[in-house]
Structures are given as structure tokens and as C-alpha cells.
**Student:** 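Quick one: the structure is below, questions incoming.
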Amino acid sequence: MKQITILLLVSILFLACANDENKKNSTPVKYPKTAKIDTSDIYFDIEVKDPYRWLEDDRSSETEAWVKAQNNTTHKYLDQIAFRNDLKTRLKKLWNYEKITAPFKEGDFTYFYKNDGLQNQYVVYRKKGDGEPEVFLDPNKFSEDGTTSLAGLSFTKDGSLAAYLISEGGSDWRKAIVLNTKTLEIVEDTIVDLKFTGLSWKGNEGFFYSSYDKPDGSELSAKTDQHKLYYHKIGTSQNEDQVIYGGSPDEKHRYIGADVTDDNRYLLIYARNTTAGNKLFIQDLNDPNGLMVPIVSDEDSDTNVIENVGSKLFIVTDRDAPNKKIVTVDAANPESENWKTLIPETENVLTASKGGSYFFTEYMIDAISKVYQYDYNGKLVREVKLPGLGSASGFGGKNEDKEFYFNFTNYTMPSSSYKFNVETGSYDLYWKPEIDFNPSDYESKQVFYNSKDGTKVPMMITYKKGVQQNGQNPTILYAYGGFNISLTPSFSIANAVWMEQGGIYAVPNIRGGGEYGKEWHDAGTKLQKQNVFDDFIAAAEYLISNDYTSSEYLAIRGGSNGGLLVGATMTQRPELMKVALPAVGVMDMLRYHTFTSGAGWAYDYGTSQDNKEMFEYLKGYSPVHNVKSGVKYPATLVTTGDHDDRVVPAHSFKFAAELQEKQAGDNPTLIRIETNAGHGAGTPVSKIIEQYADIYGFTLYNMGFEKLPNQAVLKEFKD
């Protein structure tokens with residue numbers, strides 16, 4: 001797309017008159033009435049009222065009626081935004097390009113995922129040698145509306161059998177189906193009621209999987225905190241599946257997973273109670289009487305086996321190495337006191353993989369990827385020079401692979417695939433998308449700013465070249481800040497449409513994430529959680545003080561733990577932003593641990609039952625408990641899904657009810673509840689496009705725009 005000076009002038013003119021347009025968007029919204037029922041809890045002799053608790057019952061007719069009334073109100077409001085359909089048109093047009101993932105080999109076939117453009121779900125293809133690709137599995141045929149998705153795919157070592165997981169309506173509950181890959185026939189009955197699991201094959205005999213007992217009450221919201229590892233033998237009933245680990249009344253584990261080593265010799269079992277730290281056990285599958293031996297018997301570290309050569313284990317761990325290292329040990333005596341360092345910890349965070357009998361270590365340097373190749377003796381072979389500054393993924397494959405594929409992307413470059421030669425370290429472009437977007441018209445800039453306590457925090461700011469720092473640019477500030485999750489540069493079609501309209505997209509790498517290792521993560525947990533909000537607030541203040549935007553043109557956005565981030569920030573500093581966009585957020589910090597697997601998040605949050613100090617700290621920032629009457633909150637569009645069984649929608653329901661009751665002024669506080677949708681994974685493309693059209697339309701409309709800022713550019717692409 002060409003950069004045209006006159007279009008920039010048009011954009012600036014629209015931005016300049018946005019304050020006048022604000023007066024046109026001030027019609028108050030009439031909200032559905034939300035009943036208040038006298039409900040309360042006592043915490044450490046302190047009473048906390050919870051008048052909207054009835055909304056936690058996702059099976060009641062009253063909650064169903066409330067959801068319907070709220071959606072009607074929200075869509076009535078959104079329908080008045082004339083340019084929302086223009087956004088949808090542009091999103092749909094830009095989304096409509098062929099997308100292909102990096103290939104991988106299983107047995108005699110090479111497999112890959114492909115989406116023709118607007119298919120709701122990616123299709124799995126395969127080909128043999130240089131033959132023509134054929135459809136192996138088409139999730140678009142799982143359901144008419146595209147809401148049943150492929151959630152996992154695992155092959156036997158010889159590739160003759162494949163087991164795949166499906167998710168219905170976005171739920172975390174899964175079903176497993178086994179295929180004969182030669183005939184594409186289903187081998188046996190569907191395995192049901194799996195959750196938070198992969199599938200790990202033991203030869204061709206069967207596979208390991210994990211699940212919970214079905215809870216009492218709603219399967220979408222009732223507590224599930226006793227995970228179990230099962231073994232399913234092919235050709236037998238699921239009722240005969242053995243419990244391999246978990247289920248002891250004396251010891252609970254909320255998350256249990258398993259891997260079988262590539263040589264089918266060892267079973268590895270990972271057990272954890274929170275999302276950080278795991279126990280690790282090993283069992284020799286060649287020994288019929290083999291015992292389950294602990295490698296790590298506490299949950300003080302994140303430790304996993306990445307490879308074995310015979311009985312020699314290669315382990316990635318942050319034990320005594322907050323940024324992680326690779327160690328070796330013999331399986332006969334695998335305890336940590338016998339570990340020997342192979343690749344030591346560095347000042348940067350390590351992510352390790354293997355392929356072609358080499359290790360590949362990806363290091364994050366200020367959230368940017370650098371990749372190195374090592375042999376199994378720990379000798380550095382080479383640095384893999386990447387195509388640019390951004391995020392690399394997919395380095396890895398089977399030991400016998402002479403080549404494999406990796407992906408590279410950043411905020412302005414759509415993900416492309418490269419074929420990598422293991423021995424020479426050279427690579428060639430394998431696939432590049434043909435997309436109606438010119439990366440050279442855009443730029444990303446990394447800046448560093450100081451948080452409230454002086455901590456230096458990096459932030460990537462991305463925008464169209466020529467955007468002026470005049471304080472009038474519509475800006476989305478997005479972050480996560482939790483669970484050791486790192487936000488690295490990646491391309492988004494939706495963000496591209498936002499930036500086409502002169503919008504700025506800014507991502508700070510705030511504490512609570514994993515960008516600088518365990519210490520960075522821990523600095524945003526429990527009684528230090530306020531650091532996360534302070535980092536986010538300081539990012540907004542940086543953007544404003546440096547005239548990228550102003551409070552009238554700033555929107556804050558985040559999902560899940562990032563939804564909590566938005567909820568806490570907007571209740572602490574409501575004047576700082578014009579629009580708030582919390583998605584599938586954890587909003588009730590006093591009760592989050594009572595739903596589904598929420599108790600496992602206690603490493604990051606603590607719980608209201610821990611002690612009085614923790615209770616008071618949580619109550620001090622919990623979004624549901626900090627909405628105050630008489631405060632002018634920003635225009636808010638809360639988004640969630642009615643099948644979200646990870647962060648149950650009751651969090652969002654209660655937060656929206658509090659905002660609607662107490663909001664002062666005319667800024668709308670709406671909730672958009674996607675039906676037959678969950679926490680986000682597997683959402684059909686058609687629904688994603690509608691969601692972004694609504695979110696961006698709401699955002700720009702409440703910044704004062706009655707036309708798109710760059711309407712002329714949009715018209716250039718409307719056929």
C-alpha cells in the first residue's frame with residue numbers, strides 16, 4: 001500500500017476535530033436492571049458484600065436472561081456506529097489471504113496446517129514426498145458454525161496412528177479421537193472428559209492423558225482441583241483406563257502432565273499445584289517392575305527433561321538459575337545433587353528445544369529473540385542469524401531430521417517460514433504470505449521508561465510511518481503482566497487494520513511476565529502485584545508525556561490476567577484513559593480460586609484465605625471491589641464468552657454490573673458476551689472479525705470519531 005501525503009493530512013484533520021465530535025457521542029445508555037441480592041462473606045472478621053453473586057450461576061434462567069438483555073443493549077449501542085461495518089469489511093479483506101504453518105514430518109508424510117483465508121478453522125494437510133497435498137483433517141466439518149475446534153494432535157513414532165483433541169464451544173474440556181493415518185478411519189470409541197492435557201503415546205499400544213473428575217454442579221464453573229494422569233490402551237474401553245498418578249486423598253495436584261521420551265524408554269510425569277514450579281518423576285517403561293523415581297520432589301523450580309541419550313538425561317531448569325540452564329544426569333540417580341551443568345545460565349532468559357541431534361537455545365534480549373545452536377556436549381556450534389529483529393519459533397524436530405522449519409515475525413512483518421539446514425546452519429525462505437499490507441510503511445520502536453519505583457521497563461511502539469507525535473493519535477496500550485508469560489513481537493491482522501487508521505499500538509513488557517526471568521516474574525506476584533499496575537500506568541504516562549497520544553485518545557486493553565490488569569488500572573486511575581477494554585478478565589480477586597482450576601493461580605495472586613494481609617491486599621485492587629459511586633470511569637467494553645471455563649464469565653458479569661450501577665457521567669459501560677465461545681482458543685475466524693470490528697468501532701467512536709480517521713485509505717480498498 002502506497003504512502004500518500006494527502007491521506008496523512010486527511011487523517012490529521014479528522015483527529016484534530018475529534019474533540020468536537022465527542023459532543024455527538026454523549027447520549028446516555030439505558031442499562032438493563034441488575035438485581036441486587038443481600039449476600040456477603042466474612043474474611044478475618046471483615047464483612048464483604050457480594051450483591052451480584054447470583055450471576056455466578058451460569059445454569060440459571062435469571063443469568064441467561066441477564067446475558068440476553070446485556071447483549072441486546074450492547075449491540076443496540078454498537079449498531080449506531082456507522083463505520084463499524086467499514087471496519088468489518090476491511091478486517092475481512094485483510095484477513096483473506098492464505099496462511100500456512102511450518103511443515104513437520106510424521107512417518108512417511110509431511111504435515112502442515114493451512115487456512116485459505118477466511119476459513120473458521122485451519123485444515124490439516126499432508127503429502128508424501130513431492131506428491132500433491134491432501135486433506136488429513138478438516139475441523140471446519142466438526143460443526144456447522146465453526147465453534148468446534150481442533151485442540152491438539154499427536155502421532156505415534158512411526159506415524160501410523162494419530163490421536164486428536166477437539167474442543168466444543170471454546171470449552172477447556174476435550175474429547176480424544178484416534179485415527180488410522182493410512183485409511184483415515186476412526187480406530188475406536190471417542191475418549192471423553194479430558195482437560196488440561198496433551199496426548200503422549202507409548203509405542204503404538206496406547207497413550208497417556210490427564211483429566212479431572214467431573215465436578216459437582218456446572219462443569220463450566222465448578223471447582224476442579226484434583227488432576228489425574230491416565231493410560232488408555234488402544235482397543236479397550238475408557239472405563240478400563242488406569243490411573244497412573246494423582247487422585248490420592250493425601251496429596252492433591254491441580255495439574256499433572258506426562259511425556260514419553262522419543263525412544264519410548266522413559267515416562268516423565270510433571271505434577272504441580274500452581275502455574276509455577278513442578279515435581280518431576282521418571283519411570284523406566286522397559287522394566288515391568290520399574291518404580292516411579294523422583295528427579296525433583298518439590299515445586300520450587302520449573303524443571304523438564306528435554307532429551308535423553310540412553311540413560312543420560314538432558315534437563316532444562318531454573319533451579320538455582322532464575323534465567324534457566326541445561327544440566328545432565330544419569331536416570332539411575334537423577335536427583336538434583338547429581339546434576340552437571342551443560343549449558344550455563346546467562347543474563348538472558350533461555351528457551352530450549354532440540355532437533356537433528358542438536359540443542360537450540362533461544363534467548364530473549366529485551367523481548368527480542370536470539371538463537372544459538374549447541375551440540376550434545378554443550379559446545380557452541382553457531383549463532384543462527386535471524387531475518388531481523390523479532391520473534392523466532394519452531395526451532396526443533398526429530399533427532400534424525402537433517403532439516404526442519406522455523407517461523408519469524410514481528411509487529412510489522414507477517415509470520416514467514418524458513419527451511420533450516422541443521423549441519424550448515426543456512427536457511428531459505430520456505431513460505432511468505434501474500435497479504436494486502438506493506439510492512440515497509442510501518443515501524444516499530446523500542447523505548448525504555450521508568451516505573452513508579454524506578455524500575456526500567458521496555459516497550460515496543462508500532463505505527464505507520466509519518467504519524468506525528470501531536471498527542472492526538474488513537475492509541476491502544478496492551479499488556480499482560482503475569483504467570484511468567486512473555487510478550488514478544490508478533491504480527492496481528494487486527495493490529496494492522498488499527499495502524500492503517502493512524503492508530504498506535506504499544507506493548508510494554510511489564511513485571512509479572514517472563515521477559516527477564518524468574519525474578520521479573522516474582523516481582524509482579526502476590527504482595528508485589530501492584531508493581532504490574534504501576535508499570536502499566538507508567539507506560540501510559542510515557543506515551544502521553546511524549547505526545548504519542550493523550551488521555552482523550554488512549555485505550556487500554558488486555559485479556560485474562562491482562563483483563564485484571566485493565567480492570568485494576570481503570571479503577572485506580574480512571575482519568576488516565578478514554579477507553580478501557582478488559583477481556584475475559586479475573587475481576588473478583590476474593591473468589592477467583594473457587595472456580596474451575598482457579599486455585600492453581602495462587603502462586604501469582606495469593607488467596608483471600610491465606611492471611612489477613614493477603615486478603616486486604618487483594619481486596620485493595622480487586623476490580624469488582626473497587627468500583628466506586630460517583631466516579632467517572634472511561635468508556636468500557638467488557639468482553640467474555642459464555643463457555644469460558646478457565647476465567648468464568650461471572651468475573652466479567654459482576655464487574656459490568658458494578659460499573660453500570662456506579663458510573664458517573666455519560667461514558668458507556670457495556671458488556672459483550674460471545675455465545676458458544678470460551679477463553680479464546682479455537683474461536684472461529686468469523687467471530688474474531690466481528691469482535692474486532694465491535695472493539696475498534698467502540699474505541700474510536702468513544703474517542704470522538706464519527707468517521708474513520710483514515711476513511712480515504714479504507715475506501716481505497718473497498719471493491
Side-chain angles (χ1 to χ4, degrees), residues 58-59 121 124 136-156 161-181 184-202 204-247 252-260 269 595-597 600 641-646 648 675-684:
D58 55 78
R59 299 184 299 176
Q121 306 290 343
V124 185
F136 174 69
L137 200 58
D138 186 356
N140 295 290
K141 296 180 179 179
F142 291 172
S143 62
E144 289 186 7
D145 61 359
T147 59
T148 300
S149 60
L150 180 64
L153 178 60
S154 177
F155 292 84
T156 56
L161 294 174
Y164 65 93
L165 295 169
I166 64 170
S167 167
E168 296 170 311
S171 170
D172 282 330
W173 291 101
R174 306 287 194 247
K175 294 178 180 177
I177 299 169
V178 181
L179 284 179
N180 179 312
T181 60
L184 300 185
E185 293 177 346
I186 295 176
V187 171
E188 57 178 16
D189 293 338
T190 299
I191 310 299
V192 300
D193 296 335
L194 290 69
K195 191 171 185 181
F196 293 154
T197 185
L199 302 174
S200 191
W201 285 92
K202 177 186 176 184
N204 289 22
E205 303 167 13
F207 55 84
F208 298 91
Y209 68 89
S210 304
S211 194
Y212 304 90
D213 294 332
K214 273 295 184 77
D216 295 330
S218 169
E219 69 176 47
L220 293 178
S221 59
K223 192 171 185 176
T224 51
D225 66 349
Q226 179 68 294
H227 219 201
K228 300 175 185 178
L229 177 68
Y230 293 86
Y231 176 70
H232 175 73
K233 186 176 181 180
I234 297 299
T236 65
S237 167
Q238 185 177 3
N239 295 330
E240 300 175 48
D241 291 356
Q242 303 172 28
V243 176
I244 304 300
Y245 187 81
K252 282 187 176 180
H253 290 99
R254 296 188 179 94
Y255 313 106
I256 299 173
D259 282 322
V260 177
I269 299 175
F595 304 110
T596 62
S597 59
D642 67 347
H643 276 61
D644 190 345
D645 48 1
R646 194 172 308 177
V648 296
T675 56
N676 212 21
H679 200 60
T683 303

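In this text the structure is predicted, and so the values were computed from the model without any measurement. Sequential numbering from 1 along the given sequence is applied to the chain's residues.
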**Student:** Within 45 degrees of the ring normal and closer than 6.0 Å to the centroid, is that where the cationic atom of Lys223 sits relative to Phe595?
**Tutor:** no
**Student:** State which residues pass side chain to side chain contact (heavy atoms under 4.5 Å, CB included) with Thr148; sequence neighbours excluded, sorted by chain then number.
**Tutor:**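 Per chain and number, Thr148 pairs via side chain to side chain contact (heavy atoms under 4.5 Å, CB included) with Phe142, Ser143, Ile166, Glu168.
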**Student:** So do the side chains of Ser597 and Arg254 get within less than 4.5 Å of each other, counting heavy atoms only?
**Tutor:**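 No, every pair of side-chain atoms sits at 4.5 Å or beyond.
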**Student:** Which residue pairs pass the salt bridge (charged side-chain N to carboxylate O under 4.0 Å, His left out) test with at least one member in residues 227-242, sequence neighbours excluded?
**Tutor:**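 Salt bridge (charged side-chain N to carboxylate O under 4.0 Å, His left out) check on residues 227-242 returns Asp213-Lys228.
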**Student:** If you measure from CG on Asp189 to OG on Ser237, what distance do you get to the nearest 0.5 Å?
**Tutor:** 7.5 Å
**Student:** List in chain and number order the residues that pass side chain to side chain contact (heavy atoms under 4.5 Å, CB included) with Val187, two or more places apart in sequence or in another chain; answer none if no residue qualifies.
**Tutor:** Leu161, Val178, Asn180, Ile234
**Student:** Do Tyr209 and Lys195 touch side chain to side chain, with heavy atoms closer than 4.5 Å?
**Tutor:** no
**Student:** Only pairs at least two apart or in different chains count here, so list each salt bridge (charged side-chain N to carboxylate O under 4.0 Å, His left out) that has a residue in residues 137-146.
**Tutor:** none
**Student:** Less than 4.5 Å apart, any side-chain heavy atom of Val260 and any of Trp201?
**Tutor:** no
**Student:** Please identify each residue that fulfils ring pair (Phe, Tyr, Trp, His ring centres under 6.0 Å) with Tyr255, with sequence neighbours left out.
**Tutor:**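 Checked Tyr255 against ring pair (Phe, Tyr, Trp, His ring centres under 6.0 Å); zero matches.
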**Student:** What residues, two or more places apart in sequence or in another chain, satisfy salt bridge (charged side-chain N to carboxylate O under 4.0 Å, His left out) together with Asp193?
**Tutor:** Lys214
**Student:** Do Leu194 and Lys175 have side-chain heavy atoms sitting under 4.5 Å apart?
**Tutor:** no
**Student:** I'd like to check the side-chain hydrogen bond (donor to acceptor under 3.5 Å, both in side chains) partners of Glu188; sequence neighbours left out, ordered by chain and number.
**Tutor:**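 Checked Glu188 against side-chain hydrogen bond (donor to acceptor under 3.5 Å, both in side chains); matches are His232.
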**Student:** Would you please name every residue forming a side chain to side chain contact (heavy atoms under 4.5 Å, CB included) with Ala258, sequence neighbours left out?
**Tutor:** Phe208, Leu229, Leu267
**Student:** Who are the salt bridge (charged side-chain N to carboxylate O under 4.0 Å, His left out) partners of Arg646, not counting sequence neighbours?
**Tutor:**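 For Arg646 the salt bridge (charged side-chain N to carboxylate O under 4.0 Å, His left out) partners, ignoring immediate neighbours, are Asp172.
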**Student:** Measuring only between side-chain heavy atoms, which start at C-beta, is Thr181 closer than 4.5 Å to Phe136?
**Tutor:** yes
**Student:** Does Tyr212 have any ring pair (Phe, Tyr, Trp, His ring centres under 6.0 Å) partners at least two apart in sequence or in another chain, and if so, which?
**Tutor:** His227
**Student:** Listed by chain and number, what are the ring pair (Phe, Tyr, Trp, His ring centres under 6.0 Å) partners of His253, not counting sequence neighbours?
**Tutor:** Tyr245
**Student:** Apply side chain to side chain contact (heavy atoms under 4.5 Å, CB included) to Asp642 and list each qualifying residue two or more places apart in sequence or on a separate chain.
**Tutor:**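 By the side chain to side chain contact (heavy atoms under 4.5 Å, CB included) rule, Asp642 matches Ile673, Thr675.
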**Student:** Walk me through it: do Thr596 and Asp645 pass the test side chain to side chain donor-acceptor pair (under 3.5 Å)?
**Tutor:** CA-CA 7 Å; Thr596 62; Asp645 48 1; over 6 Å; no
**Student:** Is the shortest side-chain heavy-atom distance between Leu220 and Val648 below 4.5 Å?
**Tutor:** no
